[in-house]
Asker: 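Got a structure for you, questions after.
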Amino acid sequence: MIPRELMSIAPSLRGKRILLGVTGSIAAFKACDLVRYLRQCDAEVRVVLTESGEKFVTPLTLETLSGHRVLTSLWTGELGNHHIDTARWADVALVAPATANTLAKLAHGIADDLLTTELLALKCPLAVAPAMNPAMFSNPATQANLSTLRARGVHVIGPVIGVTSCGEEGLGRMAEPEAILSYLARIVRCEDPNKKSKRALINLGPTRSPIDPVRYLSNRSSGKMGAALVWEAWLQGHSVTAVVGPVDVTLPPGIQVIRTTTANEMLGACEAEFSLCDLFIASAAILDWEVEQVAGQKIKKGAPPPLALRTNPDILATLAKQKQSHQRVVGFAAETEAVLSSAKAKLLQKNCDALFANDVSSGEQGFDRDLNGGWWITLQEATLVSTRTKTTLAAEMLRRIEQLYVD
């Protein structure tokens, strides 16, 4: 079973051939999780383990997890080009953990063992996940080596701040496997160097209106569709800001996440970011009304209290009125009847470039479900998109959104 944190990236890694280099750090034990998760994502993994790495994790463990013989030495006695075979086989290479010593070798082109020889012969993308004592990481020599590697196009993942095995706290701890694999999936997806990155603003989830300190009005939105869109945009290489209502969803590492609760809070957050974006996807299910007078104390049991309601701001319409020529705005419409006609009217009323409308009356798709389908609507077309996983639908929507910039 794929961990929840990896559900959004699994399709990007499926069928990919991963060369994993494991070097001599205590963080080498995390390589076991990396291999296991990659296999759960249906990726194929071949491990090259350094001599120092063998002090921390055994070849047998990694062979069992990967399903392939672990490579450890240049001097196997085999004929052929075994010293570069894995480099030619791989779609992407990852060194995790990457010690200061290994980073120095890579920066200076030293190939004195099997791993560095393979990496010097690479023609595919390379990522490294540094792991070392914070003082070693901050040392000018290490920083210069990392700058050299970045300048050559090597992807550096982490490290993160935390307590290292030596008991010191600081920047040097290897990133967690889930974050490393998320970045790896992004590297795999961003294969087109000519594709221009966009700045995407995406809101998601419900909003709430408090009634008293313990109760609130809301709706059934889980934020799953919005989260799928955030992941897809990020995996494609776009810069993403997510404005999130009160939901429990996993989002990509390193993106800007703004947490909100009420419709007015979400409007303020979206307005503050809107001028900076090229694309606004309004997938949040904004509560249409809010309680006019919030009780200061818990309302006691008894006769239902009268609730006076007032209309919440329309975030989609408000921001769409402000859009500039380079910006595109995409809305959502959750309907229970007359889906297509209602959505077409909403598209015009709210000045959207496109709108996705779905029927949430069946209970099989939409709110709090993993499936979704509906109508993709622009001024020129109305196309029925069949029911599919929200992850797959997000990819289809981003493909259609790209057309909005062409048309």
Side-chain angles (χ1 to χ4, degrees), residues 3 5-6 9 18-38 45 47-58 61-62 92-113 115-116 118-120 122 125-187 234 250-257:
E5 295 85 352
L6 301 179
I9 68 168
I18 315 295
L19 185 167
L20 175 62
V22 181
T23 68
S25 163
I26 186 64
F29 76 92
K30 293 182 180 179
C32 298
D33 283 337
L34 284 170
V35 175
R36 184 162 55 88
Y37 291 159
L38 283 166
V45 191
V47 180
V48 180
L49 181 64
T50 67
E51 183 179 353
S52 296
E54 288 187 71
K55 306 296 183 184
F56 296 96
V57 61
T58 68
T61 300
L62 294 170
V92 62
L94 168 67
V95 183
T99 61
N101 183 54
T102 300
L103 294 174
K105 289 180 181 181
L106 293 177
H108 294 281
I110 297 172
D112 63 351
D113 61 9
L115 177 61
T116 51
E118 293 276 9
L119 297 179
L120 199 60
L122 276 182
L126 169 63
V128 295
M132 65 198 73
N133 172 273
M136 294 173 66
F137 181 74
S138 63
N139 188 282
T142 302
Q143 291 302 307
N145 290 332
L146 286 169
S147 295
T148 297
L149 292 172
R150 288 190 182 98
R152 293 176 186 160
V154 175
H155 303 271
V156 180
I157 304 171
V160 298
I161 295 173
V163 178
T164 55
S165 61
C166 55
E168 295 185 16
E169 185 171 0
L171 188 61
R173 183 183 176 91
M174 189 174 99
E176 292 304 313
E178 294 85 352
I180 293 172
L181 294 188
S182 295
Y183 280 110
L184 195 67
R186 192 179 199 224
I187 293 165
W234 182 80
T250 302
L251 297 175
I255 71 166
Q256 181 181 14
V257 178

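Here the structure is a predicted model, which means the values were calculated and not measured. Residue numbers run from 1 in the order of the sequence given.
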Asker: Applying side chain to side chain donor-acceptor pair (under 3.5 Å), can you list everything that pairs with N145, at least two apart in sequence or on another chain?
Answerer: H108
Asker: Do I110 and T116 make a side-chain contact, defined as non-hydrogen atoms from C-beta onward lying under 4.5 Å apart?
Answerer: no
Asker: Does this structure show an ion pair linking R36 with D33, if we count only N-O contacts that are shorter than 4.0 Å?
Answerer: yes
Asker: Any side-chain heavy atom of V95 sitting closer than 4.5 Å to one from L126?
Answerer: yes
Asker: By side chain to side chain donor-acceptor pair (under 3.5 Å), which residues pair with N139, not counting sequence neighbours?
Answerer: none
Asker: Taking the side chain as C-beta and beyond, is there a heavy-atom pair between S182 and W234 under 4.5 Å?
Answerer: yes
Asker: Going by salt bridge (Lys or Arg N to Asp or Glu O under 4.0 Å), name the residues that satisfy it together with K105, two or more places apart in sequence or in a different chain.
Answerer: D112, D113
Asker: Looking at side-chain heavy atoms only, is the closest gap between L38 and L184 below 4.5 Å?
Answerer: yes
Asker: Just list the side-chain donor-acceptor pairs under 3.5 Å for residues 150-157, sequence neighbours left out, or say none.
Answerer:
{"residue": "R152", "atom": "NH1", "partner": "L106", "partner atom": "O", "Å": "3.3"}
{"residue": "R152", "atom": "NH1", "partner": "A107", "partner atom": "O", "Å": "2.8"}
{"residue": "R152", "atom": "NH2", "partner": "A107", "partner atom": "O", "Å": "2.9"}

Asker: Report the residues that fulfil side chain to side chain donor-acceptor pair (under 3.5 Å) with E168, sequence neighbours left out, ordered by chain and then residue number.
Answerer: N133
Asker: Measure the spacing between CG of L251 and CD of Q256 and express it to the nearest 0.5 Å.
Answerer: 12.5 Å
Asker: If you compare all heavy atoms of P130 against all heavy atoms of G158, which two are closest, and at what distance to 0.1 Å?
Answerer: CD-O, 4.1 Å
Asker: Report the residues that fulfil side chain to side chain donor-acceptor pair (under 3.5 Å) with T102, sequence neighbours left out, ordered by chain and then residue number.
Answerer: T99
